[in-house]
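See below for the structure under consideration.
Atoms within each ligand, like the ligands themselves, are counted from 1 in listed order.
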Amino acid sequence: MIRKIIHVDMDAFYASIEQRDNPRYRNKPVIVGGPPHTRSVVATCSYQARKFGIHSAMSSNKAHQLCPQAIFVSPRFKVYKAVSQQIRKIFYKYTDLVEPLSLDEAFLDVTENHQNIESATVIAQLIKSEIKLKTKLTASAGVSINKFVAKVASDYQKPDGLTVIPPDKVEIFLENLDIEKFYGIGKVTEKKMRKMGINRGRDLKLLTLEQLSDHFGKVGKWYYHIVRGLDNRPVNPCWERKSLGSETTLKDDISNRKEIIQILKNISEKIEYLMKKNNYSAKTVTLKVRYKNFETVTRSITLDYYVNGAEDIIKQVSYLLKHTQAGFRKVRLLGITMSNLKSMDQQKENQQSSLFN
Ligand code: DCP
Ligand code: MG
């Protein structure tokens, strides 16, 4: 079955928000990032600043050299996050299959949608106008049969663009596409391809799977597929986790406190593994104890700092255990749950934010 995929990406996201909130920045080259004469970089910049060759990840120093009159603004991540939540809310009106890639962009699978709208193009238009209405910001959207083509399409006519590549136009669109526009072909590969005479999709399409693998290794196979418009990756909705935990039903009911602590240590280690694997840390630790007669109690503590290590967890759990009758009464189940979670990406963001301030 042919899918209907939309990719939405906000235009000059941080910079547009700054221009929206500060009228004197409008129509001016605005750079969001650390100030020049430091080791900071540009997070993003307004389209007026892009004319000077300024772009994300460039050093603030270089940006200042390219455009001395540019206005440097420190990022306000809280505001960006709030706008991000506003736009996600709009996406969920149409489908639960929303895969955010960052604060300002997401894939949507609208093959089936909550409003039973046949046309993905109509949905993209509705989303764009609602974003404009609610946030006073513009987004660009790409509509096509898979993630790869939708992503390339959303970038095709920025800002405030809407590019639709219907199924029968995918091949010709990719054949004519400049290789620098292929999402996933980086600067280094682009240079290598140009040296080989590959400038557009149609040149890339001439190479066999073997030739592509020889020249580009593993990713050669990926190029072989995308240039033919083949990408069957599903849109993976990401559910925000509220808590993370683990529990153990004991083989025999026990009352030995040392044994109880040992079991809780094992659970803490498992939780440390899960937390680190998923990049989480948490503020609230909850201990669950089920007594022999099935009566279940929980005890919680909320710290004023985040933890994710087994030692920290077991320290809190040992304290909580004192507020139960475990040991005096026989126990049949023990569990630990971590909540008030924060992802490390968020922490990184906060650290980044303090670097800028
Ligand atoms: N960002 C960042 N550092 C980067 C790239 C991006 O901090 N190296 C931040 C700032 C951007 C936001 O992420 O505003 C979204 O990234 P995009 O790549 O979508 O860039 P923009 O939305 O700013 O511009 P465009 O209109 O090209 O999408
Ligand atoms: Mg963007």
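- Less than 4.0 angstrom separates some heavy atom of Asp11 from each of these atoms of ligand 1: 26 (O).
- Comment: Asp252 does not engage Arg332 in a salt bridge, judged by the lack of any side-chain N to carboxylate O separation of less than 4.0 angstrom.
- In terms of polar-atom proximity, Phe13 is counted as a contact of ligand 1, with an N or O under 3.5 Å from an N or O of the ligand.
- Under 4.0 Å is where a charged nitrogen must lie from a carboxylate oxygen, and between Asp178 and Arg194 at least one such pair does.
- A salt bridge does not link Glu190 with Lys195: every distance from a Lys NZ or Arg NE/NH1/NH2 to an Asp or Glu carboxylate oxygen is 4.0 Å or more.
- Polar contact check, Val42 against ligand 1: no nitrogen or oxygen pair lies under 3.5 Å apart.
- A salt bridge does not link Arg228 to Glu171: none of the charged side-chain nitrogens sits closer than 4.0 Å to a carboxylate oxygen.
- Minimum interatomic distance between Phe107 and Lys147 (heavy atoms only, all atoms of both residues): CE2-O, 3.3 Å.
- Look at Lys315 and Glu311 and you find no salt bridge, because none of the NZ, NE, NH1 or NH2 atoms lies under 4.0 Å from a carboxylate O.
- Shown here are the protein N/O/S atoms lying under 2.8 Å from the Mg ion (ligand 2), water excluded: Asp9 OD1, Met10 O, Asp104 OD2.
- The distance criterion of under 3.5 Å between nitrogen or oxygen atoms is not met by Ser102 with respect to ligand 1.
- Of all non-hydrogen atoms in Thr38 and Ser40, the two that sit nearest each other are OG1-OG, 2.6 Å.
- Using a 4.0 Å cut-off between charged side-chain N and carboxylate O, Glu295 and Arg290 make no salt bridge.
- Listed by atom number, the atoms of ligand 1 under 4.0 Å from Met10 heavy atoms are 22 (O), 25 (P), 26 (O), 28 (O).
- Across Glu18, Arg50, Glu105, Lys158, heavy-atom proximity to atom 24 (O) of ligand 1 is greatest for Arg50.
- Relative to the six-membered ring of Tyr47, Arg50 meets both conditions, a distance below 6.0 Å and an angle of at most 45° to the axis.
- The shortest N or O to N or O distance between Asp9 and ligand 1 is under 3.5 Å.
- Atoms of ligand 1 found under 4.0 Å from any heavy atom of Tyr47 (numbered from 1 in listed order, with element): 25 (P), 26 (O), 27 (O).
- Remark: ligand 1 atoms within the under-4.0 Å shell around heavy atoms of Thr44 are 10 (C), 11 (C), 14 (O), 21 (P), 23 (O).
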Begin with the C-alpha distance, continue with both residues' side-chain angles, and end with the deciding distance and a verdict on side-chain hydrogen bond (donor to acceptor under 3.5 Å, both in side chains) for Asp312 and Gln316. CA-CA 7 Å; Asp312 285 320; Gln316 301 306 325; over 6 Å; no

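- Distances from atom 4 (C) of ligand 1 to the heavy atoms of Ala15, Ala43, Ala12 show the closest one on Ala43.
- A salt bridge between Asp304 and Lys283 is absent, with no side-chain N of the basic residue lying under 4.0 Å from a carboxylate O of the acidic one.
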